[in-house]
Amino acid sequence: MDCLSCFLGFLLLAARLPLDAAKRFHDVLSNERPSGYMREHNQLNGWSSDENDWNEKLYPVWKRGDSRWKSSWKGGRVQAVLTSDSPALVGSTITFAVNLVFPRCQKEDASGNIVYEKNCRNETGPSPDPYVYNWTAWTEDSDWGNDTSEGRHNVFPDGKPFPHPGRRFVYVFHTLGQYFQKLGQCSVTVSINTANVSLGPQIMEVTVYRRHRRAYVPIAKVKDVYVVTDQIPVFVTMSQKNNRNSSDETFLRDLPITFNVLIHDPSHFLNESAIFYKWNFGDNTGLFVSNNHTLNHTYVLNGSFSLNLTVQAEVPGPCPMPSPRPPKTTPSLATNLKTFYLNPLVPAGDNTLELREIPDESCHITRYGYFKATITIVEGILEVNIIQVTDVLMPGSQPDNSLVDFVVTCQGGIPTEVCTVISDPSCQITQNPVCDPVAVELGDTCLLTVRRAFSGSGTYCMNLTLGDDASLALTSTLVSITSRDPASLLRMANGILVSLGCLAILVTAIAFLMYKKHKEYKPIENSPGIVIRGKGLNVFLDHAKTLFFPGNQEKDPLLKNQPGIL
């Protein structure tokens, strides 16, 4: 009997050895998970339990620090980068992306093969073979194609066959005690619905394998934390005109602040939801409710204020199952008729009838999101204007330099600095930025004069900014500069004087010649035409002499030098 007991015990031990020796997914993918972790979570759609067996012969398992990692890839180590669009609202979809980063000078081509980049030299120098791994030609594992049992190798670690030939990487995702297997190139994505995921931070782990001869070898492992929440992820951006730095949550009094609400919903889970925004700005202005994600608000007092925002979303969802009502023992006829016409009768066993409520087709789930911030309101420069532009004539100024004074006024706070940027007429190409402190004491009135030099003639765009610790106020104007070269001005004046002198000399010469010409006696001929023309000319000369020589009116030039006439 003792021998029989020993023999049975040996058989039982031998039967258990394969089970104990077999690797399971949770043993390979995560040695940090406690047993029974899967039972704490519901089943993910399309995922499998990590209690399944792992084919360690086809997919070997290497621990951290194993020397085989160094030779798992040509030219160095491959890095896997895992990201997600977390945080995710429960019930929405969260997407994970894995990207492989290859060693220097290696990349994936259009066919999915890993090749060496042209004209790129790594530590080992250029490779005569353009391929790192040629999945298409199976150059590395040509003996696999001759294997009659090739189908046995085109399987995942749990033995499930590939959906297509395994010329790509094998990705194994693992979370919540479950795994998902996928073939892919150097980047893949996987999405899961979070309806069955426990709230809080979770861990996603990914192991990447590549084919090597008649097996697969690991080339990279990575993990990342993702978060599932029942509160809507809400972010608020705040902006304001003339505000110097919105990130410090310091804003200006008497200017509207624009609040823009951003809801993190990459899977568009809330697209069909009615969303309301409830604002409390903390300045005793009351509660503002809006269905617009953008709102403007102006603070009229200085100080610190507590901003509170509540986002409410009515998410369409399945209606809960109605609870059965207990049947009445002695219903009256009127009650039976009322029940028959107003409510469906549902059999509940033992020939008894139960009353159930008609489900509401517009059921929804209400989700909330919250945002809080403390903002500081200070006095700042609200507006700046250029009210006067004046040319400055300086006796010692450079020939190509023009000075212009700008008289500037502002509203709000008193500036501590003034900056100007001179650029082309389109205000795009900056030529001469200058900043100066405002040294004068302005008192309660903001009025100052800014002098700037312009090099050469032309049209300029001048941006002028007044600033203090919290604000910046900007204005712009176009300035037209004409040439003010003293030499050119002198040459212009000399030219005008010379022209006037020449004109005066010319007029004098013409008058003298006309007088000289008609001073001599000319005989009168018998030609009627000449007489007529001469007579007309004499009349004209008589009028001219009367005008220029009034004392010689009694002398007749026609009688001069004519002796013997009495």
Side-chain angles (χ1 to χ4, degrees), residues 81-99 189-195 197-202 204 224-253 255-283 285-299 304-317 364-378 380 470-472:
V81 179
L82 173 62
T83 59
S84 71
D85 52 15
S86 169
L89 182 64
V90 62
S92 67
T93 300
I94 185 170
T95 299
F96 300 89
V98 181
N99 292 278
T189 60
V190 169
S191 299
I192 62 175
N193 187 279
T194 60
V197 178
S198 299
L199 301 180
Q202 309 293 345
M204 174 66 76
D224 192 25
V225 176
Y226 64 97
V227 177
V228 177
T229 176
D230 60 350
Q231 293 187 2
I232 303 173
V234 175
F235 307 90
V236 177
T237 63
M238 296 173 277
S239 60
Q240 184 186 42
K241 178 185 176 182
N242 296 352
N243 189 18
R244 189 158 198 156
N245 183 13
S246 298
S247 62
D248 62 0
E249 297 183 344
T250 299
F251 298 92
L252 311 180
R253 188 186 70 189
L255 278 181
I257 305 173
T258 299
F259 298 90
N260 187 26
V261 184
L262 304 175
I263 295 179
H264 182 72
D265 184 29
S267 65
H268 310 293
F269 176 66
L270 300 176
N271 271 14
E272 304 300 325
S273 303
I275 302 178
F276 301 94
Y277 305 89
K278 302 177 182 179
W279 296 90
N280 188 338
F281 295 99
D283 57 353
T285 54
L287 182 67
F288 294 87
V289 180
S290 171
N291 59 359
N292 195 326
H293 64 90
T294 302
L295 186 67
N296 292 336
H297 184 74
T298 302
Y299 288 88
S304 295
F305 301 90
S306 296
L307 170 68
N308 286 275
L309 167 67
T310 300
V311 179
Q312 177 180 329
E314 304 295 332
V315 185
H364 60 267
I365 302 172
T366 303
R367 298 294 183 190
Y368 296 93
Y370 304 95
F371 176 82
K372 295 182 179 180
T374 300
I375 61 177
T376 303
I377 303 300
V378 298
S471 59
L472 285 174

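The chain is numbered in sequence order, starting from 1. In this text, all values refer to a predicted model and were calculated from it rather than measured experimentally.
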Is the shortest heavy-atom distance from the side chain of [X] to the side chain of [Y] under 4.5 Å?
| X | Y | value |
| --- | --- | --- |
| M204 | D224 | no |
| T95 | S267 | no |
| L307 | M238 | yes |
| T93 | N193 | yes |
| F281 | L295 | yes |

Please report the closest heavy-atom contact between [X] and [Y], naming both atoms and the distance.
| X | Y | value |
| --- | --- | --- |
| D265 | N271 | OD2-N, 4.2 Å |
| T374 | E249 | O-OE1, 3.1 Å |
| V315 | S273 | CA-OG, 3.4 Å |

Inset, instruction - Kindly write out the residues that satisfy side-chain contact (heavy atoms from CB on, under 4.5 Å) with L199, not counting sequence neighbours, or none if the list is empty. - result: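 Applying side-chain contact (heavy atoms from CB on, under 4.5 Å) to L199 gives V90, V228, D230.
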Inset, instruction - Check side-chain contact (heavy atoms from CB on, under 4.5 Å) between S290 and all other residues, then give those that pass, not counting sequence neighbours. - result: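 Per chain and number, S290 pairs via side-chain contact (heavy atoms from CB on, under 4.5 Å) with N292.
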Inset, instruction - Step through it carefully: locate the ring centre of Y277, locate the ring centre of W279, and say whether they are under 6.0 Å apart. - result: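 Judged by ring-centre distance (under 6.0 Å), Y277 and W279 do not meet the cut-off.
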Inset, instruction - Would you please indicate if the ring centroids of Y299 and F251 are separated by under 6.0 Å? - result: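 Between F251 and Y299, which both carry aromatic rings, the centre distance is not below 6.0 Å.
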Legend entry - Aromatic plane relationship, Y226 with F96 - under 30° parallel, 30 to 60° tilted, over 60° perpendicular: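 Rings of F96 and Y226: perpendicular, as their planes differ by over 60°.
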